[in-house]
Asks: 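Have a look at this one before I ask anything.
The figures here come from the full heavy-atom set of this structure, side chains too, leaving out hydrogens, waters and symmetry mates.
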Amino acid sequence: QVQLVESGGGLVQAGGSLRLSCAASGRTFSSYVMGWFRQAPGKEREFVSAISGSGGSTYYADSVKGRFTISRDNAKNTVYLQMNSLKSEDTAVYYCEQGRHWYANSWPQNYDYWGQGTQVTVSS
């Protein structure tokens, strides 16, 4: 049974930083693309970032490029999202998701498991 457990969310002032973590279990971690999505109140879930199984390739939404960094530690079955220069528009619930195909890394339908989410609130 696949489980994804996010942590690291919280309240931060604009311009600050947070580091999200997602611990995965249940299947061979390094075989899967890992992605971060977010959902703000009243909005649809949107893609934030993805990393390939080996960690050698990464991809970012334009809205976070240059501010967020995704990484993974396959020995620890964990993926991270370092978020710097946070803005009020980054406020959302952030979800860690596990998917199959790198070519579809920003497509929600590529991901078949996700965690319970962690709240990130950026005050202006």
Asks: Cation-pi check for Tyr95 against Arg45: NZ or CZ below 6.0 Å from the six-membered ring centre and within 45 degrees of the axis, yes or no?
Replies: yes
Asks: I need the minimum non-hydrogen distance between Gly99 and Asp112, along with the two atoms involved.
Replies: CA-OD1, 4.4 Å
Asks: To the nearest 0.5 Å, tell me how far Tyr80 OH sits from Asp73 CG.
Replies: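 So the OH of Tyr80 and the CG of Asp73 are separated by 5.0 Å.
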Asks: Could you pull out the closest heavy-atom pair between Ala40 and Ala92, with the gap in Å?
Replies: N-CB, 3.8 Å
Asks: Are any side-chain N or O atoms of Asn77 and backbone N or O atoms of Ala23, one a donor and one an acceptor, separated by less than 3.5 Å?
Replies: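 Pair absent, no side-chain N/O of Asn77 close to backbone of Ala23.
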Asks: Are Leu18 and Phe68 linked, directly or through other ILVMFWY residues, by side chains that come within less than 4.5 angstrom of each other?
Replies: yes
Asks: Mind checking the CG-CD spacing from Asn105 to Glu97? Nearest 0.5 Å is all I need.
Replies: 12.5 Å
Asks: Is Tyr111 linked to Tyr113 within one hydrophobic cluster, defined over Ile, Leu, Val, Met, Phe, Trp and Tyr using a side-chain heavy-atom separation of less than 4.5 Å?
Replies: no
Asks: Heavy atoms only: give me the nearest Ile51-Val79 pair and the separation to one decimal.
Replies: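 Heavy atoms of Ile51 and Val79 come nearest at CG2-CG2, 4.1 Å.
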Asks: Check whether any side-chain N or O of Thr118 sits under 3.5 Å from a backbone N or O of Gly9 as a donor-acceptor pair, and report yes or no.
Replies: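 At least one qualifying donor-acceptor pair exists.
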Asks: Rounded to the nearest 0.5 Å, what's the gap from OG on Ser124 to CD on Glu89? Could you check?
Replies: 9.5 Å
Asks: Taking the side chain from Glu6 and the backbone from Cys96, do they hold a donor-acceptor pair closer than 3.5 Å?
Replies: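 Between the backbone of Cys96 and the side chain of Glu6 there is a qualifying donor-acceptor contact (under 3.5 Å).
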Asks: Answer yes or no on whether Arg72 is positioned over the face of Phe29, meaning its NZ or CZ is under 6.0 Å from the six-membered ring centre and within 45° of the axis.
Replies: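 Flagged: Arg72 positioned over aromatic ring of Phe29.
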Asks: Rounded to the nearest 0.5 Å, what separation is found between the CZ atom of Arg67 and the OG atom of Ser49?
Replies: 12.0 Å
Asks: For Tyr32, does the six-membered ring have the charged nitrogen or CZ of Arg27 within the cation-pi criterion, i.e. under 6.0 angstrom from the centroid and within 45° of the normal?
Replies: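 Judged by the rule, Arg27 and Tyr32 form a cation-pi pair.
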Asks: I want to check something: taking the side chain as every heavy atom from C-beta on, are Glu46 and Arg38 in contact at a cut-off of under 4.5 Å?
Replies: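 Counting from C-beta outward, Glu46 and Arg38 do come under 4.5 Å.
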Asks: Salt bridge or not for Lys87 and Asp90, using N-O below 4.0 Å?
Replies: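 So Lys87 does not pair with Asp90 through a salt bridge.
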Asks: Is it the case that the ring center of Phe47 lies less than 6.0 angstrom away from the ring center of Tyr60?
Replies: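 Tyr60 vs Phe47: aromatic centres not under 6.0 Å.
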Asks: Output the distance between atom CE (Met34) and atom CD (Gln98), rounded to the nearest 0.5 Å.
Replies: 5.0 Å
Asks: What do the steps show when you test Tyr59 against Ile70 for side chain to side chain contact (heavy atoms under 4.5 Å, CB included), and what is the final call?
Replies: CA-CA 8 Å; Tyr59 187 64; Ile70 191 171; over 6 Å; no
Asks: If you group Ile, Leu, Val, Met, Phe, Trp and Tyr by side-chain heavy-atom gaps below 4.5 Å, do Val48 and Leu86 land in one group?
Replies: yes
Asks: Tell me if a side-chain donor or acceptor on Ser52 pairs with a main-chain N or O of Ser57 at a distance below 3.5 Å.
Replies: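 Yes; judged by distance alone, with no hydrogens or angles, the pair exists.
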Asks: I want to check something: taking the side chain as every heavy atom from C-beta on, are Leu20 and Met83 in contact at a cut-off of under 4.5 Å?
Replies: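 Yes, their side chains come closer than 4.5 Å.
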Asks: Work out which heavy atom in Leu81 is nearest to a heavy atom in Tyr94; give both atom names and the distance.
Replies: CD2-CD2, 4.2 Å
Asks: Has Gln109 got more than 12 heavy atoms of other residues, nucleotides or ligands less than 6.0 Å from its CD?
Replies: yes
Asks: To check you understand the geometry: which heavy-atom pair defines the closest contact between Asn74 and Ser30, and what is its length?
Replies: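 Between these two residues, the closest heavy atoms are ND2-CB, 3.4 Å.
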Asks: Within the side chain of Gln116, is there an N or O that forms a donor-acceptor pair under 3.5 Å with the backbone of Val5?
Replies: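 Between the backbone of Val5 and the side chain of Gln116 there is no qualifying donor-acceptor contact (under 3.5 Å).
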Asks: Give a yes or no answer on whether the side chain of Thr91 reaches the backbone of Val122 with a donor-acceptor pair at less than 3.5 Å.
Replies: yes
Asks: Would you please say whether a donor-acceptor pair under 3.5 Å links the side chains of Ser17 and Asn84?
Replies: yes
Asks: Indicate the atoms forming the closest heavy-atom contact of Ser106 with Pro108, along with that distance.
Replies: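 Here Ser106 and Pro108 meet closest at O-CD, 3.5 Å.
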Asks: Under a 4.5 Å side-chain heavy-atom rule over Ile, Leu, Val, Met, Phe, Trp and Tyr, are Val64 and Trp36 clustered together?
Replies: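 Cluster IDs for Val64 and Trp36 match.
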